[in-house]
Amino acid sequence: RNAVREELIRRELLLQEAKKAGLDKKPDVAAQAEAAKQAILIRSYVQQYVQKNPIKDDELKAEYEKIKAQVGSTEYKAKHILVKEEAEAKTIVDNLKKGAKFDELAKQSIDPGSKDNGGDLGWAAPSNYVKPFADALTALGKGKYTETPVKSEFGYHVIMLEDTRPTTFPAFDEVKPRLLQQAQTQQITKMRSEERRVGKECRSRW
């Protein structure tokens with residue numbers, strides 16, 4: 001308590017000295033003070049809005065289940081070789097059929113993140129990939145590769161599926177704080193959009 005009291009006294013003395021120096025009358029200082037006041041009021045209003053409109057656990061659990069459904073129940077360990085032209089990809093497939101090693105062929109990939117690692121993409125859910133890639137990957141058997149090049153917005157892929165495993169999800173309670181933060185952010189964004197819409201309607205009437 002003594003420390004708090006001393007801090008308040010120190011701040012009050014400094015405030016008085018600043019006013020004596022006329023700093024509160026300077027336009028730039030006044031503008032900064034007004035901006036700080038507005039920020040405090042806005043933050044308080046948003047906090048009050050969130051408190052008055054609490055997000056229920058049922059809503060968070062529904063979002064949790066939605067995310068789980070999007071990710072899927074299976075993860076895939078894949079490799080790929082990405083090239084610009086379909087002819088290049090077909091040549092790679094032909095070489096694989098002749099017994100060439102996937103890791104060696106991956107060196108000609110234009111994907112800098114995997115070319116020096118045998119084309120390895122690690123473990124991931126299909127939802128992490130663009131749809132043509134995901135569709136081709138999930139249709140493969142273990143140890144198989146796409147014999148027809150897969151076209152995506154990035155170029156042409158030759159994909160190999162190494163293995164699959166069940167997806168491990170964190171428990172709801174572990175991710176609840178993050179889900180709550182995201183839901184509150186969306187809630188505030190929606191509230192601000194609605195206020196802007198109402199504000200525009202009011203101005204148009206006048």
Side-chain angles (χ1 to χ4, degrees), residues 46 55 57-193 196:
V46 168
I55 296 169
D57 271 9
D58 288 348
E59 297 176 65
L60 297 178
K61 286 178 181 176
E63 181 63 20
Y64 174 72
E65 293 299 330
K66 179 182 175 182
I67 292 171
K68 284 179 64 176
Q70 289 174 342
V71 171
S73 59
T74 306
E75 287 185 318
Y76 295 77
K77 191 173 191 301
K79 293 181 176 182
H80 86 140
I81 302 170
L82 175 64
V83 291
K84 291 183 179 180
E85 303 296 334
E86 185 177 16
E88 295 178 80
K90 286 182 176 180
T91 299
I92 289 168
V93 172
D94 289 340
N95 287 332
L96 286 171
K97 289 180 179 179
K98 293 174 184 177
K101 299 296 184 182
F102 197 98
D103 291 13
E104 287 298 317
L105 295 174
K107 292 178 181 178
Q108 55 192 290
S109 176
I110 59 172
D111 176 11
S114 67
K115 64 178 295 183
D116 295 324
N117 196 27
D120 186 25
L121 296 172
W123 289 97
S127 57
N128 284 28
Y129 302 115
V130 292
K131 192 175 187 306
F133 190 107
D135 290 345
L137 177 63
T138 54
L140 286 172
K142 292 182 184 180
K144 302 296 183 179
Y145 57 84
T146 51
E147 296 188 11
T148 300
V150 178
K151 184 180 180 181
S152 78
E153 61 195 88
F154 304 106
Y156 290 86
H157 307 260
V158 178
I159 307 165
M160 173 178 279
L161 173 62
E162 291 192 285
D163 203 357
T164 62
R165 69 183 182 188
T167 303
T168 302
F169 292 97
F172 171 72
D173 288 340
E174 290 181 48
V175 296
K176 180 180 175 181
R178 192 187 311 167
L179 291 172
L180 178 60
Q181 185 180 40
Q182 291 174 349
Q184 287 175 340
T185 299
Q186 292 171 358
Q187 182 186 48
I188 292 166
T189 300
K190 184 178 178 181
M191 176 264 289
R192 288 174 172 168
S193 297
R196 281 197 294 270

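Please read all numbers here as calculations on a predicted model, not as lab measurements. Values below: every heavy atom of this structure, side chains too, minus hydrogens, waters and symmetry copies.
Pairing each heavy atom of Lys142 with each of Glu162, the nearest pair is CB-O, 4.2 Å. When all heavy atoms are compared, the tightest approach of Thr146 to Val93 is O-CG2, 3.7 Å. Between Lys79 and Gly118 the shortest heavy-atom distance is CD-O, 3.5 Å. Here the closest heavy-atom approach between residue Val83 and residue Glu88 is recorded as CG2-CB, 3.8 Å. Taking both residues in full, the closest heavy atoms of Ile159 and Leu140 are given as O-CD1, 3.6 Å, listed atom of the first, atom of the second, then distance. The two atoms that bring Thr74 and Pro126 nearest to each other are O-CD, 3.6 Å, heavy atoms only.
Checked against side-chain hydrogen bond (donor to acceptor under 3.5 Å, both in side chains), Lys101 has no partners two or more places apart in sequence or in another chain. Not counting sequence neighbours, Phe154 has no partner by the ring pair (Phe, Tyr, Trp, His ring centres under 6.0 Å) test. With sequence neighbours excluded, no residue forms a salt bridge (Lys or Arg N to Asp or Glu O under 4.0 Å) with Lys144. Under the salt bridge (Lys or Arg N to Asp or Glu O under 4.0 Å) criterion, Glu63 pairs with no residue, sequence neighbours left out. Annotation: ring pair (Phe, Tyr, Trp, His ring centres under 6.0 Å) contacts of Phe133 (sequence neighbours excluded): His80, Tyr129, His157. Scored by the ring pair (Phe, Tyr, Trp, His ring centres under 6.0 Å) test, Tyr156 finds no partners at all (sequence neighbours excluded). In this structure Asn128 satisfies the side-chain hydrogen bond (donor to acceptor under 3.5 Å, both in side chains) test with no other residue, sequence neighbours excluded. With sequence neighbours excluded, no residue satisfies side chain to side chain contact (heavy atoms under 4.5 Å, CB included) with Ala87. Shown here are the salt bridge (Lys or Arg N to Asp or Glu O under 4.0 Å) partners of Lys176, two or more places apart in sequence or in another chain: Asp57. Qualifying salt bridge (Lys or Arg N to Asp or Glu O under 4.0 Å) partners for Glu85, counting only residues two or more places apart in sequence or in other chains: none. Applying the side-chain hydrogen bond (donor to acceptor under 3.5 Å, both in side chains) rule to Gln108 yields no partners; only residues at least two apart in sequence or on another chain are considered.
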Evaluate side-chain contact (heavy atoms from CB on, under 4.5 Å) for Ser114 paired with Leu121, printing each intermediate quantity in order. CA-CA 6 Å; Ser114 67; Leu121 296 172; 4.2 Å; yes
Set out, in order, the CA-CA distance, both residues' side-chain angles and the distance that settles side-chain contact (heavy atoms from CB on, under 4.5 Å) for Tyr145 and Leu96, then state yes or no. CA-CA 9 Å; Tyr145 57 84; Leu96 286 171; 3.8 Å; yes
Do Leu179 and Lys61 pass the side-chain contact (heavy atoms from CB on, under 4.5 Å) test, and can you show the C-alpha distance, the side-chain angles, and the key distance before you say yes or no? CA-CA 9 Å; Leu179 291 172; Lys61 286 178 181 176; over 6 Å; no
Evaluate side-chain contact (heavy atoms from CB on, under 4.5 Å) for Val175 paired with Ile67, printing each intermediate quantity in order. CA-CA 11 Å; Val175 296; Ile67 292 171; over 6 Å; no
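Atoms NZ and CG, from Lys107 and Asn117 in turn, are 11.5 Å apart once rounded to the nearest 0.5 Å. Ile110 CD1 to Leu82 CG: the interatomic distance, rounded to the nearest 0.5 Å, is 4.0 Å. To the nearest 0.5 Å, atom OG1 of residue Thr185 and atom CD of residue Gln181 are 5.5 Å apart. Between the CD atom of Glu104 and the CD1 atom of Ile81 there is a distance of 10.5 Å, given to the nearest 0.5 Å.
Not a single donor-acceptor pair under 3.5 Å links the side chain of Thr164 to the backbone N or O of Glu75. When atom types are taken as modelled, the side chain of Thr167 and the backbone of Gly72 share a donor-acceptor pair closer than 3.5 angstrom.
In this structure the side chain of Met191 never reaches within 4.5 angstrom of the side chain of Gln187, judged on heavy atoms. With a 4.5 Å cut-off on side-chain heavy atoms, Tyr76 and Asp163 do not count as touching.
By the neighbour-count criterion of 12 heavy atoms within 6.0 Å, atom NZ of Lys77 is densely surrounded, having more than that number from other residues, nucleotides or ligands.
Applying the salt bridge (Lys or Arg N to Asp or Glu O under 4.0 Å) test to pairs two or more places apart or on separate chains, none has a residue in residues 109-119.
For the pair Lys131 and Asp135, the salt-bridge criterion is met [side-chain N within less than 4.0 Å of a carboxylate O].
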